[in-house]
Each structure stands twice: as structure tokens, then as C-alpha cells.
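Everything below concerns the one structure shown next.
Per chain, numbering begins at 1; letters A, B, ... match sequence-line order. Computed from a predicted structure; not experimentally measured.
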Protein chains: 2
Amino acid sequence: MLISEFAKATGLTLDTIRFYIAKGLLKPDRSPKGGSNQYRLFKPEDVTTARMIRLQQTLGFTLAEILALNDEYRAGEHSSERTIEVLQLQIERLQQRKYALEVALSFLQRKVDWVKSGKAGPAPQMEDDRR
Amino acid sequence: MLISEFAKATGLTLDTIRFYIAKGLLKPDRSPKGGSNQYRLFKPEDVTTARMIRLQQTLGFTLAEILALNDEYRAGEHSSERTIEVLQLQIERLQQRKYALEVALSFLQRKVDWVKSGKAGPAPQMEDDRR
DNA sequence: CTTGACCCTGGAGTGCACTCCACGCTTATG
DNA sequence: CATAAGCGTGGAGTGCACTCCAGGGTCAAG
């Protein structure tokens, strides 16, 4: 698929896609078409990659962090063991975010309860979560 | 508490704290001390606010988004109903992130299973989650 | 009353993640 | 075969979230 089609499939702009390629986050093939400046050719799996990048971004990871894992994934692609290891790392990273999320949600819920109770007792606080 | 003490309690630098104040994310009182440039005085609840800001940031919210909700919260502080409404809004926002997180986690888990199965069948894909 | 620690206010600079040209080549369409 | 639509490559510019001075006032200890 050509870049504009890829843009539609992912919701990214052409500029953003090219930016990601320059950063090494996406590595599309080159079509023989386009003469000296060959066209880029995207595979369906690149769409999945792009969606994963966006998702991770909304979860507060930087492109550098995302790239690091991406590269490691690619490096161990031939070994199933290594692939699973990297995937597991990724899962752990997301589960840490999930934990932070739950801390925040619990705090807010406690606060709602506190307000509903007519602000009885001390206002809910948040633990010093510096890990 | 004075700004450097507040810095220790929150793990933020002095510059970052002042930056947040300039943005309106924190509104400490002023001490009579300090002459023409009065010292800032932080309350324990400001520590909770700061921690919440940092948490929301790691979840990918911008300071502008955080500020908007903060302001709304302050605006309706006298009314318990409004307070709960804003809190509920915040909770919904975080639950959306949680959903995104679960989409990502499920994808990764499916991928692990797929690799473990010797890559039987099609590679797991991610839904077009553009909401 | 000096000295060092701590506070204040601008304002400039940095890194990240885009975003926006300008220019030029290639391909599809009438 | 002209011409518009699409692709490519630099490179400059933008907004956000800090970060780093410079210059100057205040306070506690000796």
C-alpha cells in the first residue's frame, strides 16, 4: 500500500508518517516505482505497528522509548524465545501504567465518597508514589 | 511549607514548581515574609495536587488538559454536586485510558500466545481504535 | 553587620514531536 | 502529451514542558 493509503488506514498525516520513518519507527519497503526517489510500500502489519505506536503515546511513552522496544523486538525476531521476552517486557511496562492509573482512580473514588459523606474526616491523600 | 520543602515532598524541581504556578496549576498562598517579592506558602493538599498532576502526565495528558479540569474543580468547589460532577468527569477520562491500556495489553497477550503456538494462523491485529 | 542559604522575577535556551513549506521527479487521466 | 495528482527530499518553524541563568531582595546564624 502507498503512503496516502497508509495515512488513511492509520489516521496519521503524511508528514507524521515520514517523521516516524526518519526516526526508525516504521521501515516500509521501497517500490521500484518513483525513479530516483522510490515510493514507499507499506504492509498491513505496518498499520498494526502504527496503531500500537499511537496507543503507547496516549499512555505517555516517548517515541524514544517506543523505538527502543521496537528495535529490540526486531533484533530478536528470529528467536521465538527472545520475541516472547520482549513482548513480556512490553506487557510489564504497560502494567506499571495500569497500576498508576488504578492509584489515581482509587484516589478520585475515595474523594467522591468523602465529598458525598459531607466531608467527614480527613480529605483523602495520595501516597508518595516515587518508584 | 516553603518552596524547597515542597520540592522535596513532591520530587519536583524549583523551576518546575514555578512553571506550574505560572501556568495556574498550583496556587500557593503568599507569606508576609520576603518583602516586595513575597515567599510562596504551600499547603499539604498542594502536595496531593502535584502528585495528581504528575500521575496524569505519565498517563499522557497535557498540562492544558489537566489545568482545564483543575480550574473547573476550583470553580465548583462550593457546591458538592458540582464537585462530584467534575470528579466523575475525571474518573471517566481515566477509564478511557484504562480501556486503551487494556486494548494494548490484550493485543500483546494474543501475540505472545500466537508466537507460543508456533505462529499458527494469522498474526494478531489491532482494531482501528479511532474514537 | 556580614555572610551564606533561600527566595523572587524576568527571559533565554533546550528537546521532543510534529507541521509546514519549497522544489523537483513520476505516474495516472482526459 | 499536457496537466493534475501523488511521491520524494531537505530544511525551517511551532507548541509544549521544562531548564537554566542573571540580577536582586530577605532571613538566620555567628
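- Taking the side-chain hydrogen bond (donor to acceptor under 3.5 Å, both in side chains) definition, one finds that A/Q57 meets it with A/Y20, A/R54, sequence neighbours left out.
- Rounding to whole angstrom units, CD1 of residue B/I21 and P of C/dC8 are separated by 7 Å.
- Remark: B/E5 engages B/M1 in a side-chain contact (heavy atoms from CB on, under 4.5 Å) (not counting sequence neighbours).
- Applying the ring-ring contact (aromatic ring centres under 6.0 Å, His included) test to residues at least two apart or on different chains, the pairs with a partner in residues 32-64 of chain B are B/F6-B/F42.
- If you measure from atom CZ of B/F6 to atom C1' of C/dC7, you get 16 Å, rounded to the nearest angstrom.
- The distance from atom CZ of A/R40 to atom C1' of C/dT26 is 15 Å, rounded to the nearest whole Å.
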Subject >> Annotated protein contacts, base or backbone, on nucleotides 17-30 of chain D with a non-hydrogen cut-off under 4.0 Å, one of B, S, - each >> reply: BBBB----BBSS--

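- Residues forming a salt bridge (Lys or Arg N to Asp or Glu O under 4.0 Å) with B/E102 (at least two apart in sequence, or on another chain): A/K98.
- Using a cutoff of 4.0 Å between basic side-chain nitrogens and carboxylate oxygens, B/R93 and B/E65 are not scored as salt-bridged.
- At the heavy-atom level, B/I3 lies under 4.0 Å from the strands shown only through sugar-phosphate atoms.
- The nearest whole Å value for the distance from the CG atom in A/L2 to the C1' atom in D/dA5 is 12 Å.
- By the side-chain hydrogen bond (donor to acceptor under 3.5 Å, both in side chains) test, B/T16 pairs with B/T13, sequence neighbours left out.
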